[in-house]
Amino acid sequence: MPVTDLPSRHPDAWRAATRHAFLGAVRDGTIPVAAFDTWLVQDARFVADLLRFQARLLARVPRPAQAVLAGGLVALVDELAWFEEQAALRGLDLGTPALPATAAYAELLGRLDDADVGTALTALWTIERTYLDAWSHARPGAEGYHAFVEHWTQPGFADYVAGLEAAADGVPAPDADAVFTEVVAAETAFWAMAQDSAW
Ligand code: HMH
């Protein structure tokens with residue numbers, strides 16, 4: 001089964017992760033500043049965790065998947081610098097401790113270090129495809145949020161997700177549905193964490 005079939009096999013879980021109230025509020029400008037700032041600080045932590053996960057995964061993927069994962073790693077390093085700039089502009093401390101959903105997601109990534117390559121690649125594709133679809137639903141975003149919406153909806157990011165799709169399809173996971181639903185649930189919990197911090 002190609003990974004692109006996974007969202008339609010789990011429509012309710014997919015909708016929860018990609019059409020969360022957080023995203024609608026970024027689109028219409030009703031997002032509480034505190035909720036957005038919580039998301040930003042926690043997502044910077046997540047990206048640092050993802051960078052470590054992806055660096056380890058790069059070391060064991062088959063030859064054809066190396067380029068897309070290596071390119072993605074460089075992009076994540078740049079993204080961390082971008083988060084630092086955004087946090088500085090908003091006066092946020094990126095040293096804030098991980099909230100429970102961020103810690104749980106880091107623990108999931110740690111378990112994926114020990115999973116077979118196919119499962120880990122399906123997880124990585126799911127992580128990025130979720131963000132592509134989620135931020136597409138926030139487009140164009142309210143005043144002040146355009147940079148964030150554009151960051152995950154630009155054509156280069158869609159190309160990256162397509163490259164990850166090819167990599168994941170090259171090494172089928174033994175139980176793609178299980179890892180997909182676990183990652184999607186972690187994504188939903190991440191939005192809920194930011195929302196609950198302020199609403
Ligand atoms: C929680 N999922 C989360 N944060 C991100 N930055 C991405 C996915 C995309 O890298």
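Atoms within a ligand are numbered from 1 in the order they appear, just like the ligands themselves. Just so we're clear, the structure is a prediction, and the values are computed from it rather than from any experiment.
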What residue and atom, counting heavy atoms only, is the protein's closest point to atom 2 (N) of ligand 1, and at what distance?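 Here the closest protein heavy atom is Glu187 OE2, 2.6 Å.
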Among all protein heavy atoms, pick out the one at the shortest distance from atom 5 (C) of ligand 1; state its residue, atom name and that distance to 0.1 Å.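 Its nearest protein heavy-atom neighbour is Tyr131 CE2, 3.2 Å.
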Atoms in ligand 1 with a heavy atom of [X] nearer than 4.0 Å:
X	answer
Glu128	9 (C), 10 (O)
Val47	6 (N)
Asp43	1 (C), 3 (C), 4 (N), 5 (C), 6 (N)
Ile127	8 (C)

Tell me whether the rings of Trp152 and Trp82 are parallel (<30°), tilted (30 to 60°) or perpendicular (>60°).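 Perpendicular.
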Fit a plane to each ring of Tyr105 and Phe190, take the angle between them on a 0 to 90° scale, and name the class: parallel (under 30°), tilted (30 to 60°) or perpendicular (over 60°).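 Correct class here is perpendicular.
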Would the Phe157 and Trp135 ring centres measure less than 6.0 Å apart?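 Centroid distance Phe157-Trp135: not below 6.0 Å, so no.
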Verify the ring-centre separation between Tyr131 and Trp191: is it less than 6.0 angstrom?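 Close enough - the centres of the two rings lie under 6.0 Å apart.
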Sub-3.5 Å N/O-N/O distance, Tyr105 and ligand 1: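 Looking only at distances, the answer is no, because the N/O contact criterion of under 3.5 Å is not met.
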For Arg19 versus Leu23, what's the shortest heavy-atom pair and its separation?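 Looking at all heavy atoms of both residues, the shortest contact is N-CD1, 4.3 Å.
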Spatial distance of atom OG1 (Thr122) from atom CD (Glu182) [nearest 0.5 Å]: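 Those atoms lie 13.0 Å apart.
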Does ligand 1 have an atom that lies less than 4.0 angstrom from a heavy atom of Leu50?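 Judged by the 4.0 Å heavy-atom criterion, Leu50 does count as contacting ligand 1.
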